[in-house]
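What follows is a short report on a single structure.
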Amino acid sequence: MIKKKFNVPHIETGVIFRENIKNHTELGKKAKDFIDRGELVPDEITIPMILARLTESDCKNGWLLDGFPRNLAQAKALSEALEHAGIRLDYVIEIVLPRDIAKKRIMGRRLCAVDNNHPNNIYIDAIKPVEKNGKLYCRVCGSDKLSVRPDDQDEAAIDKRHDIYYDTKTGTLAAVNYFKNRAKTVAVDGLPSVEEVSAELSSRLS
Ligand code: AMP
């Protein structure tokens, strides 16, 4: 929705890492073990990778960063780099969700090989994949290539990710708080339906 509304690239750190793992690159090799364990890939790798990505030509008119910054150090590095480049951050979006529900949604997620932005989740009625003869198909494009991420099915890895996310001292919520008096932060309740959350968010990003 945001990508379409503002016509900006959707840059997801997790997707960049997974593509590198799939393509057996050096970056992928370095990142894989951290991702499998649910730990953050070290800042020395992640921060320069994302800051470099933001200088590419498709980012000239803006971008949507998803999955970055994930800790306080990344938030500070991003903030400093933007200040240096004279770029203003328009919004910081926080989708607020209780930890147990977030865990269930992670475990129910099914990834479409055709398009990473085709949402499918076996636990969310509005975006359930289509089931035919015991097989699941993407609800958006009908592809039979739905998969799960190994780190989405490993409860210890999910708990680790959530320990980092909900950490208000140095983790993701610390990054959110860091931006509270530096950018316009928009917090949206993630509990309602996909349509309601999208509509609420869209109305708050004007
Ligand atoms: P995600 O697709 O956002 O769930 O990210 C999957 C995994 O990629 C995370 O559990 C981390 O191991 C790694 N990752 C994604 N974003 C970051 C980040 N900003 N900093 C460090 N590691 C990250």
Side-chain angles (χ1 to χ4, degrees), residues 2-3 9-56 59 63-82 89 92-97 99-113 115-124 127 146-179 183 190:
I2 294 172
K3 182 180 162 168
H10 177 198
I11 301 169
E12 284 186 75
T13 7
V15 168
I16 300 176
F17 286 134
R18 281 189 290 282
E19 273 168 7
N20 275 278
I21 293 173
K22 199 168 77 191
N23 297 329
H24 305 284
T25 68
E26 275 311 305
L27 174 66
K29 279 180 211 153
K30 282 185 198 152
K32 187 176 182 313
D33 287 346
F34 295 103
I35 292 179
D36 287 347
R37 289 194 298 264
E39 289 168 18
L40 291 185
V41 177
D43 289 342
E44 310 85 86
I45 298 173
T46 309
I47 293 173
M49 174 185 94
I50 286 298
L51 296 183
R53 176 68 186 85
L54 296 183
T55 64
E56 286 179 27
C59 292
W63 30 261
L64 166 65
L65 265 182
D66 180 354
F68 185 96
R70 206 106 150 193
N71 62 24
L72 189 55
Q74 293 181 3
K76 287 181 175 168
L78 177 66
S79 194
E80 275 161 27
L82 294 181
L89 205 52
V92 172
I93 300 164
E94 179 191 8
I95 299 179
V96 181
L97 208 56
R99 197 170 161 147
D100 55 332
I101 310 247
K103 184 171 184 176
K104 193 158 180 225
R105 289 190 183 176
I106 282 181
M107 299 191 85
R109 180 154 69 179
R110 296 294 178 270
L111 303 182
C112 173
D115 189 331
N116 181 51
N117 275 323
H118 287 173
N120 288 275
N121 196 304
I122 60 169
Y123 296 136
I124 303 178
I127 54 167
L146 289 186
S147 63
V148 291
R149 282 167 43 181
D151 59 335
D152 279 357
Q153 303 305 310
D154 176 341
E155 290 202 44
I158 296 172
D159 290 343
K160 181 89 218 167
R161 278 146 76 189
H162 281 164
D163 285 346
I164 298 165
Y165 184 89
Y166 291 95
D167 172 0
T168 54
K169 288 209 167 70
T170 59
T172 312
L173 288 184
V176 173
N177 292 334
Y178 175 80
F179 281 115

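Only heavy atoms go into these numbers, but all of them, side chains included; no hydrogens, no water, no symmetry mates. Both ligands and their constituent atoms are indexed starting at 1 by order of listing.
By the ring-ring contact (aromatic ring centres under 6.0 Å, His included) test, H162 pairs with Y166, sequence neighbours left out. With sequence neighbours excluded, the residues forming a salt bridge (Lys or Arg N to Asp or Glu O under 4.0 Å) with R149 are D151, D152, listed by chain and number.
Residue nearest to atom 5 (O) of ligand 1, selected from R70, R109, Q74: R70 (by heavy-atom distance).
Using a cut-off of 4.0 Å between Lys/Arg side-chain N and Asp/Glu carboxylate O, E56 and R53 are scored as salt-bridged. A salt bridge does not link R161 to E39: none of the charged side-chain nitrogens sits closer than 4.0 Å to a carboxylate oxygen. Ion pair D100/K104 not flagged as a salt bridge, since none of the NZ, NE, NH1 or NH2 atoms sits closer than 4.0 Å to an Asp/Glu carboxylate oxygen.
Proximity of E12 to ligand 1 is not established, as no heavy-atom distance is less than 4.0 Å. Put simply, part of R149 is less than 4.0 Å from ligand 1, judged by heavy atoms.
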Is there a side-chain contact (heavy atoms from CB on, under 4.5 Å) between T13 and I50 once you walk through the steps? CA-CA 7 Å; T13 7; I50 286 298; 3.6 Å; yes
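Of all atoms in ligand 1, listed by their number and element, those nearer than 4.0 Å to a heavy atom of R18 are 2 (O), 6 (C). Contact atoms of ligand 1 toward R161: 4 (O), 10 (O) (distance under 4.0 Å to a heavy atom of the residue).
Counting protein heavy atoms only, atom 23 (C) of ligand 1 is closest to F17 CE1, 3.7 Å. In this structure, the protein non-hydrogen atom closest to atom 11 (C) of ligand 1 is E39 O, 3.5 Å. In terms of protein heavy atoms, atom 19 (N) of ligand 1 is closest to G67 O, 2.8 Å. Looking only at heavy atoms of the protein, atom 22 (N) of ligand 1 is closest to V41 N, 3.0 Å.
For ligand 1, the polar-atom distance check finds no N/O of L40 at less than 3.5 Å from any of the ligand's N/O atoms.
Contact annotation for T46 and ligand 1: only side-chain heavy atoms (C-beta onward) come within less than 4.0 Å of the ligand.
Within 6.0 Å of CD in E155 there are 12 or fewer heavy atoms belonging to other residues, nucleotides or ligands.
A cation-pi arrangement is found for R37 relative to F34, the charged atom lying closer than 6.0 Å to the ring centre and inside a 45° cone about the ring normal.
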